[in-house]
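Everything below concerns the one structure shown next.
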Amino acid sequence: TVGLRSKLTVEDTEITKNEARAGSGGLHHGGDGELLLTDVDVTHNKTGEDHAGGISIGDRASATLTRAVVTDNKAYDEGGGLFTASERPIKVHDSDFLRNTAGVPGLEGNDAGGGGVYTEGGPIEIGGETIISENEATGEGGGISIDNHGDVTVPDTTVSLNETLMSGGGVENSGTG
């Protein structure tokens, strides 16, 4: 049989002030589809009990984010701005991840990594003058937390002024591959 992969294109759009009890406060992309985000602002979203305050990409989905602004999102668990757990390639270019938060400070046992970006899936490339700054996490990786089983490439990216209560203020890598 021949199957078709769905394709979602989102351009010049604002995804703001949303809340999900589970994961993905702003946008969840899963299944076997393709996501193209261009000139999209994902701001002030939050999760009540799970990962991905801003954007979640999982399953066998692929995604390309270009000129995305992902700011001021809050996740109860990993990935304040972006959480990836997909087997397929994720590409992030010319995007900003600013002032996102992973975890709940002071909540015992809430060690959540990746204030800006958390990745535990397949290949991901973050580059093209992307900025990851002023993010916070209660677990590893204030800016980026890598718990990945695929290639992670981070060229031409600024990672600065991020904080964590654990290891890797800017970048933490505990991935295998």
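Because the structure is a prediction, the values reported are computed rather than measured. These numbers come from the heavy atoms of this one structure, side chains and all, not from hydrogens, waters or symmetry mates.
When all heavy atoms are compared, the tightest approach of Gly113 to Ala102 is O-CB, 3.6 Å. Contact detail for Gly115 and Ala137: the closest heavy-atom pair is N-CB, 3.7 Å. Scanning all heavy atoms of the two residues, the minimum distance from Glu129 to Asp94 falls at CB-OD1, 3.9 Å. Here the shortest heavy-atom pairing between Ser95 and His93 reads OG-O, 2.9 Å. In terms of heavy atoms, Ala75 sits closest to Gly80 at CB-CA, 4.0 Å.
Checking side-chain atoms of Asn162 against main-chain N and O of Asn135 turns up a donor-acceptor pair under 3.5 Å. At least one donor-acceptor pair closer than 3.5 Å links the side chain of Asn73 to the backbone N or O of Asn45. Looking at Thr47, its side chain does come within 3.5 Å of a backbone N or O of Tyr76 through a donor-acceptor pair. The backbone N or O of Ala52 sits nowhere less than 3.5 Å from a side-chain atom of Ser24 that would complete a donor-acceptor pair.
No path of Ile, Leu, Val, Met, Phe, Trp and Tyr side chains, each step under 4.5 Å between heavy atoms, connects Val104 with Leu165, placing them in separate hydrophobic clusters. Criterion: ILVMFWY side-chain heavy atoms under 4.5 Å apart, direct or through other members. Under it, Val10 and Val42 are part of a common hydrophobic cluster. Hydrophobic clustering, with ILVMFWY side chains joined whenever heavy atoms are under 4.5 angstrom apart, keeps Tyr118 apart from Leu65. Under the 4.5 Å side-chain contact rule for hydrophobic residues, Ile131 and Val92 do not share a cluster. Under a hydrophobic clustering in which Ile, Leu, Val, Met, Phe, Trp and Tyr are joined whenever their side-chain heavy atoms come within less than 4.5 Å, directly or via other members, Ile124 and Leu35 fall into the same cluster.
Evaluation of the side chain to side chain donor-acceptor pair (under 3.5 Å) rule for Thr158 yields no partner, not counting sequence neighbours. For the ring-ring contact (aromatic ring centres under 6.0 Å, His included) test, no residue two or more places apart in sequence or in another chain qualifies with Phe97. With sequence neighbours left out, His29 forms a ring-ring contact (aromatic ring centres under 6.0 Å, His included) with no residue at all. The side chain to side chain donor-acceptor pair (under 3.5 Å) search around Thr130 returns none, not counting sequence neighbours. Residues passing the side chain to side chain donor-acceptor pair (under 3.5 Å) test with Asp72, sequence neighbours excluded: Arg99.
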Thr16 vs Thr43, side chain to side chain donor-acceptor pair (under 3.5 Å): CA-CA, chis, key distance, verdict: CA-CA 5 Å; Thr16 187; Thr43 64; 2.9 Å; yes
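Atom CG of Leu36 sits about 7.5 Å away from atom OG of Ser62, to the nearest 0.5 Å. Note that CG of Asp59 is 10.5 Å distant from CZ of Arg88, once rounded to the nearest 0.5 Å. Taking CD1 from Ile57 and CD1 from Ile90, the interatomic distance works out to 4.5 Å, rounded to the nearest 0.5 Å. Rounded to the nearest 0.5 angstrom, Asp12 CG and Leu37 CG are separated by 11.5 Å. The NE2 atom of His51 lies 8.0 Å from the CG atom of Asp77; values are rounded to the nearest 0.5 Å.
A salt bridge links Arg67 to Asp39: at least one charged side-chain nitrogen sits closer than 4.0 Å to a carboxylate oxygen. Comment: Glu87 engages Arg60 in a salt bridge, judged by a side-chain N to carboxylate O separation of less than 4.0 angstrom.
The side chain to side chain donor-acceptor pair (under 3.5 Å) pairs that include a residue from residues 136-146 are Ser145-Glu172, where partners are two or more places apart or lie in different chains.
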